[in-house]
Number of protein chains: 2
Amino acid sequence: MSVGIRDVARAAGVSTATVSRALGRGPVSEALRAQVEAAVRATGYRPNLSARRLRSQATRTIGLIVADIRNPFFTAVSRAVEDAAYAAGMRVILCNTDEDPDREAMYLRLMEEERVTGVIFAPTRATAEALHAGDLAFPTVLIDRCGPPGAHDSVVLDNAAAGAALVDHLVAQGFSRIGGLFGATSSTAQERRAGYAGALARHGLAPEARACAPNAAAAEAEAARWLAEPGRPEALVLSNGRILMGAFRAARALSLAVPGDLALAGFDNEPWTDLVEPGLTVVEQPVAEIGAQAMRLLFERIAAPDQPVRKVVLSGRTVLRGSTGPR
Amino acid sequence: MSVGIRDVARAAGVSTATVSRALGRGPVSEALRAQVEAAVRATGYRPNLSARRLRSQATRTIGLIVADIRNPFFTAVSRAVEDAAYAAGMRVILCNTDEDPDREAMYLRLMEEERVTGVIFAPTRATAEALHAGDLAFPTVLIDRCGPPGAHDSVVLDNAAAGAALVDHLVAQGFSRIGGLFGATSSTAQERRAGYAGALARHGLAPEARACAPNAAAAEAEAARWLAEPGRPEALVLSNGRILMGAFRAARALSLAVPGDLALAGFDNEPWTDLVEPGLTVVEQPVAEIGAQAMRLLFERIAAPDQPVRKVVLSGRTVLRGSTGPR
DNA sequence: GCGATCCTTGAAAACGTTTTCAGTAATCGT
DNA sequence: ACGATTACTGAAAACGTTTTCAAGGATCGC
């Protein structure tokens, strides 16, 4: 029923080997190549990629494992990854873990079974810490979050510096009681928290940090609880775009004036952050470049499996808007 | 090097056929099944999915072809599709066409070569119109946009009704010069425009419709141009969330008060639309249900290839907010 | 007690390619 | 002119599974 390479070979009057070579880049005379191409058109032949992958042992597939594609950060990174992948003739398998280590493990096993060429992975902290060099059967680049030094290639933000920059700016604007709400599951949030705490210490201030699940709903609930307590902070640092949105929602629900009652500074320059009133001060991550660099690192790792582990640290860009004062 | 089913068979002291059956759902005695499972654990065997797919002729793969995953509508739909797919033991290949018919054609050919089990596709108008029953070698469900009636299963919004509902509401709020900015590439935008125009006619009003590429940047540019002209409309209907964002940006850049100088009503209840001031009136699409229904239709089509073509029409929910007045 | 039926099992044949291995014809160097 | 390359080509062997197919042994009905 389905037309295979044998049918093309018969139609072109050549062997299947010649058809394969004509379609790939084997040495074939011009005359035969033309015959084969005509036969392909005549028969409507479509190569079977499963067969091709099995025989050639090159799946040309990369896995992309993220927490949740609905987080605009991952959306943007994934788009960059896919563009680079398709441009290189590769296919992407996208997996959402919802920050669940069990699902991470499941998808990593799936990647093995797919015999992927490589994987780009944003692991939870728990998984990242347990992930040592050589654990994975395929080249892997960690993004956004990274594990123990030297275990895997990675491309991350300079999170501590970015967290500190937000604190410095808030202090310069006259705030001193600066709280922080950080994601509970990622190393990234921890680093941002460390930068936040370090900067506060440098200014002789005390940190007040809390944690929540890294999504808008959980952040809103936690922020609402916190802000209703007596003696709430004057300013809040939020460790990613989803948490920032949740906190902004909570402030609005409690009718807190921003920045009068509460200043807000967060991460991820999502398109809505300059649409609300006041605009929100954020550290913008170079999302497209993160994706592109991850693919570059992955390709280079594939080309040279034994080269030393590399870590690309990108800087965030602090975008100052009305939400951070002055006090 | 890599451990295959032969190694497992040898370790378990059985044939490869028995291993295959033990791993799948063939009839195997409990004793042997246990031996096989022990051998699998001992050897660290991982089935090779390429080989499995080739031999079984079941790729268990579905293609998802959308305009741009960064559009929150597609992000949400895709997440629903992927959840349903993985729950059914299927994998998803995601493709972004950027509304380019050439890329659509390319990805459709890729889907053929992948021998996908089925495809969920949001085609441009050009492609949808050229897409007749039997054109595609695989079961296909169209989402968001649909082609000629009866050609393919589809799940769409009742776009005309939704477009009309926005106009009715604007008229009820006292607006009469109601312009519309619609995406240029999708049938969906056209249907919304038709509903918009029909409702205006019903009210004895004249439509003023323009078109733009369905992304925020293009919409902002077009809206800025339009709103700077003399005699601009009192209200604008925007055919999707990206265009709504662009128009809101343009209004803000021109310092137009919403809804005082310009009322705004659009599509897609994206999370930011109730965060801006004023909140934006929108028709909310049931994004998760669109994805889930599409998968359901696809699975049912696969189970019964010859059943009549079905079209699921979902209703939008109009969310009234401050951006639409009263005048 | 005996044929029919059922349940398990293994050997071997697919699945649709690419790649190896030879072999032929043509070209080259001297 | 002759051996050595070089450039193509086809037959056949992979690739790692699942799925026949046939057969052995147990169970069943009577």
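Order of the sequence lines sets the chain letters (A, B, ...), proteins ahead of strands, with each chain counted from 1.
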*asked:* Measuring only between side-chain heavy atoms, which start at C-beta, is B:Val312 closer than 4.5 Å to B:Val156?
replied: no

*Quick one: list whatever passes side chain to side chain contact (heavy atoms under 4.5 Å, CB included) with B:Arg310, sequence neighbours left out.*
B:Asp153, B:Arg296, B:Leu297, B:Glu300, B:Gln307

N/O-N/O pairs, protein side and nucleotides 14-16 of chain C side, under 3.5 Å:
residue	atom	partner	partner atom	Å
C:dA14	N3	B:Arg55	NH1	2.5
C:dC15	O2	B:Arg55	N	3.4
C:dG16	OP1	B:Gln57	NE2	3.4

*Measure centre to centre between the rings of A:Tyr107 and A:Phe121, then say whether the value is under 6.0 Å.*
no

*For A:Glu30 and D:dA7, what is the distance between atoms CD and C1' respectively, to the nearest whole Å?*
13 Å

*asked:* I'd like to know if the side chain of A:Ser20 reaches the main chain of A:Thr16, judged simply by a donor and an acceptor atom lying under 3.5 Å from each other, with no hydrogens or angles considered.
replied: no

*Report the residue (B:Arg21 or A:Arg21) whose heavy-atom-nearest nucleotide on DNA chain C is the more 5′ of the two.*
B:Arg21

*Figure out the CZ/C1' separation between B:Arg60 and D:dT17, and round it to whole Å.*
15 Å

*asked:* What's A:Leu32 touching, base or sugar-phosphate or nothing? Going by heavy atoms closer than 4.0 Å.
replied: sugar-phosphate

*Could you tell me whether a side-chain N or O of B:Arg115 sits under 3.5 Å from a main-chain N or O of B:Glu112, the two making a donor and an acceptor?*
yes

*Assign A:Ser20 to base, sugar-phosphate, or nothing according to its heavy-atom contacts below 4.0 angstrom with the strands shown.*
base

_Tell me the bend of the helix from C:dG1-D:dC30 to C:dT30-D:dA1 as the angle between end helix axes, each from five pairs, rounded to the nearest 10 degrees._
20°

*Which is true for A:Arg53 with a 4.0 Å heavy-atom rule: it touches a base, it touches only sugar-phosphate, or it touches nothing?*
nothing

_In the structure I gave you, are the side-chain heavy atoms of B:His132 and B:Pro148 within less than 4.5 Å of one another anywhere?_
yes

*Under a 4.5 Å cut-off applied to non-hydrogen side-chain atoms, are B:Val14 and B:Val19 in contact?*
yes

*Donor-acceptor pair, A:Arg91 side chain versus A:Thr61 backbone, under 3.5 Å?*
no

*Using only heavy-atom distances, determine whether the side chains of A:Glu99 and A:Thr124 contain a donor-acceptor pair under 3.5 Å.*
no

*asked:* Whether B:Thr16 contacts D:dT18 is assessed here as follows: a side-chain N or O lying under 4.0 Å from the phosphate OP1 or OP2. Is that the case?
replied: no

*Specify the separation, in whole Å, of atom CZ of B:Arg6 and atom P of C:dA11.*
11 Å

_A:Thr18 side-chain N/O to D:dG10 phosphate OP1/OP2 under 4.0 Å_ = yes

*Rounded to the nearest angstrom, tell me the gap between atom CG in A:Leu23 and atom C1' in C:dT19.*
15 Å

